[in-house]
Amino acid sequence: MPSFLDRERSVAPPGYSRWLIPPAALAVHLSIGQVYAFSVFKTPLVERFDTSLTAIGVVFSIAIVMLGLSAAFGGKWVERNGPRKAMFVSGVCWAGGFLVGSLGVATGQLWLLYLGYGFLGGIGLGIGYISPVSTLIKWFPDRPGMATGLAIMGFGGGALIASPLSSALLDRYAATPSEAIVPTFLTLGAVYFTAMMLGAATVRVPPPGWTPEGGAPAQAPPAREQVQDGLSVEAAFRTRQFWLLWIVLFCNVTAGIGILEQAAPMVQDFFTGVGPAEAAGYVGVLSLCNMLGRFIWSSTSDALGRKRTYIGYLGLGCVLYLVIAVAGTSSVALFVAVTGVILSFYGGGFSTIPAYLKDLFGSFNVGAVHGRILTAWSCAGIAGPLIVNVVADSQLAAGRSGADLYTASLYLMVAVMAVGFTANMLVRPLSASATPTTGKAGPDRSREAVA
């Protein structure tokens with residue numbers, strides 16, 4: 001690769017503003033956040049390939065699975081090579097996914113769509129998702145939750161831009177959406193590649209010994225929350241704390257994505273007067289809540305502490321799921337409000353987890369540790385929709401309809417969030433005998449919980 005992508009060439013010069021880093025990260029996250037708008041292409045792709053919704057839905061599933069796997073296995077590479085090279089690789093893979101996918105659509109080869117948008121694009125998703133995380137934490141040691149929330153909210157909000165943009169392109173390029181997929185894919189690939197290259201060109205890493213203006217961070221977490229320098233990813237991976245947080249993230253994502261994936265049919269089943277147009281608007285509201293939650297709740301965690309913030313996500317989440325199960329059909333406004341808050345917790349969970357990892361394991365290898373823990377997202381992306389859809393199918397087979405299709409799955413989600421709540425309560429800071437950066441962790445003799 002060109003030498004200007006090397007980490008050494010991306011060290012910030014004197015006078016560089018750290019506030020340029022969040023926009024660089026947003027350029028990447030808003031681009032890869034398009035994956036949440038993939039449903040715009042589902043019906044046109046079904047018509048183009050003359051296949052089922054399930055066969056096209058596999059494209060999205062492959063992309064999310066590859067997101068988690070590439071983040072897990074590419075985390076150390078990202079830490080070693082720096083954010084500029086990682087953003088460049090992400091942009092090439094993501095834009096390349098659209099290119100290969102468009103070739104598959106043009107030739108009628110569905111496997112090329114799987115390979116392009118699903119496999120290659122999914123690698124771009126994973127590398128792009130984690131590329132700015134450790135850099136943001138290093139630039140904003142005083143407000144790590146706010147910094148990561150600024151960037152990661154872009155992933156949740158990417159669909160707000162991608163959905164109307166994709167629809168407009170499908171309408172503009174051809175008489176029917178199925179005929180317009182190829183030029184739309186090519187246009188999106190070019191637009192996203194340009195945006196991600198601008199982000200890569202802007203991003204910098206702080207010089208050695210850099211601290212925020214004014215000296216030591218004013219709002220650094222209490223000393224008991226920090227690990228001096230930090231553990232290597234291998235050492236963190238072997239700790240009980242890592243796996244407890246894996247369960248926490250898995251449960252929070254499973255509960256949220258179960259609603260997100262089934263949002264439009266669910267609201268129509270709960271309320272007979274809600275049609276497709278209103279359901280589409282409801283999905284837009286959930287996307288907005290998902291995006292805002294990624295910034296608001298992660299920023300709040302800088303003051304409350306990560307553990308208390310997750311107590312809110314999971315504890316209040318249990319209560320809110322019970323409200324939907326018991327009284328969800330009583331009011332459209334109540335249903336929208338409650339599910340909107342749940343989706344804000346879903347988004348907040350993603351943006352708070354990097355700072356939680358930093359508090360526990362230090363900043364030494366936080367990007368790689370974050371990558372490993374995103375495998376929980378891959379698993380939850382399968383488990384959440386599976387719970388909702390399997391339960392709904394079984395209720396349909398039993399002759400039930402409407403809100404009754406979801407009651408059992410809502411109670412199951414209460415149980416899932418209770419498991420996550422318990423795991424979060426069991427998280428303790430690392431013992432003082434854990435050896436920083438050596439890959440060795442001492443026995444877990446924790447004294448008190450992370451705040």
Side-chain angles (χ1 to χ4, degrees), residues 1-13 16-38 63 66-67 70-71 74-75 77-103 115-136 138-139 147-148 150-163 165-166 169 182-206 367 371:
M1 291 187 186
S3 61
F4 73 86
L5 297 176
D6 293 342
R7 185 184 186 95
E8 294 74 17
R9 299 286 297 274
S10 62
V11 176
Y16 183 84
S17 174
R18 64 175 178 167
W19 291 101
L20 293 174
I21 303 300
L26 272 172
V28 174
H29 275 236
L30 284 170
S31 298
I32 61 178
Q34 188 277 340
V35 72
Y36 275 153
F38 179 75
M66 289 309 302
L67 186 160
S70 60
W77 181 87
V78 171
E79 285 286 341
R80 186 169 60 251
N81 289 277
R84 178 179 290 176
K85 186 175 289 187
M87 289 179 177
F88 177 83
V89 170
S90 173
V92 170
C93 290
W94 184 232
F98 279 100
L99 180 63
V100 175
S102 67
L103 179 63
L115 176 65
Y117 191 100
F119 184 83
L120 183 60
I123 293 174
L125 289 175
I127 298 298
Y129 191 86
I130 64 173
S131 61
V133 170
S134 65
T135 304
L136 282 162
K138 290 181 177 69
W139 277 110
T148 55
L150 272 173
I152 293 176
M153 79 172 184
F155 191 84
L160 291 177
I161 298 173
S163 182
L165 175 61
S166 300
L169 291 174
V182 172
T184 298
F185 268 27
L186 293 175
T187 301
L188 291 175
V191 169
Y192 291 139
F193 181 79
T194 302
M196 295 172 79
M197 291 306 104
L198 289 173
T202 304
V203 75
R204 298 287 189 278
V205 295

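What you are looking at is a predicted structure, and each value in this text was computed from that prediction instead of being measured.
Atom CZ of residue Arg7 and atom OG1 of residue Thr135 lie 6.5 Å apart, to the nearest 0.5 angstrom. Going from atom OG of Ser90 over to atom CG of Leu125 covers 7.5 Å, rounded to the nearest 0.5 Å. Taking CG of Leu20 as the reference point, atom CH2 of Trp139 lies at 9.0 Å (rounded to 0.5 Å). Annotation: the span from Leu99 atom CG to Cys93 atom SG amounts to 12.5 Å, rounded to 0.5 Å.
The environment of Phe38 atom CZ is dense: over 12 non-hydrogen atoms of other residues, nucleotides or ligands sit within 6.0 angstrom.
Taking both residues in full, the closest heavy atoms of Leu186 and Ser102 are given as CD2-OG, 3.4 Å, listed atom of the first, atom of the second, then distance. Heavy atoms only, all atoms of each residue included: Ser31 and Ala195 are closest at OG-CB, 3.7 Å. Taking all atoms of both residues into account, the shortest heavy-atom contact from Met87 to Ala25 is CE-CA, 4.2 Å. Scanning both residues, Ala63 and Val35, for their nearest heavy atoms gives CB-CG2, 4.4 Å. The shortest heavy-atom contact between Gly128 and His29 is O-NE2, 3.5 Å. Closest heavy-atom contact between Leu198 and Thr202: O-OG1, 2.8 Å.
Two residues are said to be in side-chain contact when any heavy atoms from C-beta on lie closer than 4.5 Å; Ser166 and Gln34 meet this criterion. Side-chain contact between Leu188 and Leu165 is present, with at least one heavy-atom pair separated by less than 4.5 Å. Inter-residue side-chain proximity for Val28 and Phe155 is flagged as unmet; no heavy-atom pair is nearer than 4.5 Å. Counting only heavy atoms from C-beta outward, the side chains of Pro22 and Leu136 approach each other to under 4.5 Å.
Note: Tyr192 and Trp94 have tilted aromatic rings, judged against thresholds of 30 and 60 degrees for the angle between ring planes. Relative ring orientation between Tyr117 and Phe98 is described as perpendicular, the plane-to-plane angle rising above 60° on a 0-90° scale split at 30° and 60°.
Looking at Val205, Leu5, Asp6 one by one, the single match for side-chain contact (heavy atoms from CB on, under 4.5 Å) with Arg84 turns out to be Leu5.
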Decide side-chain contact (heavy atoms from CB on, under 4.5 Å) for Leu115 and Leu120; before the verdict, give the C-alpha distance in whole Å, the side-chain angles of both, and the deciding distance to 0.1 Å. CA-CA 6 Å; Leu115 176 65; Leu120 183 60; 5.8 Å; no
Ile21 vs Tyr16, side-chain contact (heavy atoms from CB on, under 4.5 Å): CA-CA, chis, key distance, verdict: CA-CA 10 Å; Ile21 303 300; Tyr16 183 84; 3.5 Å; yes
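Every residue two or more places apart in sequence or in another chain that forms a side-chain contact (heavy atoms from CB on, under 4.5 Å) with Ala86 is listed here: Trp77, Val78, Ile127, Ser131. Judged as a salt bridge (Lys or Arg N to Asp or Glu O under 4.0 Å), and not counting sequence neighbours, Arg204 has no contacts.
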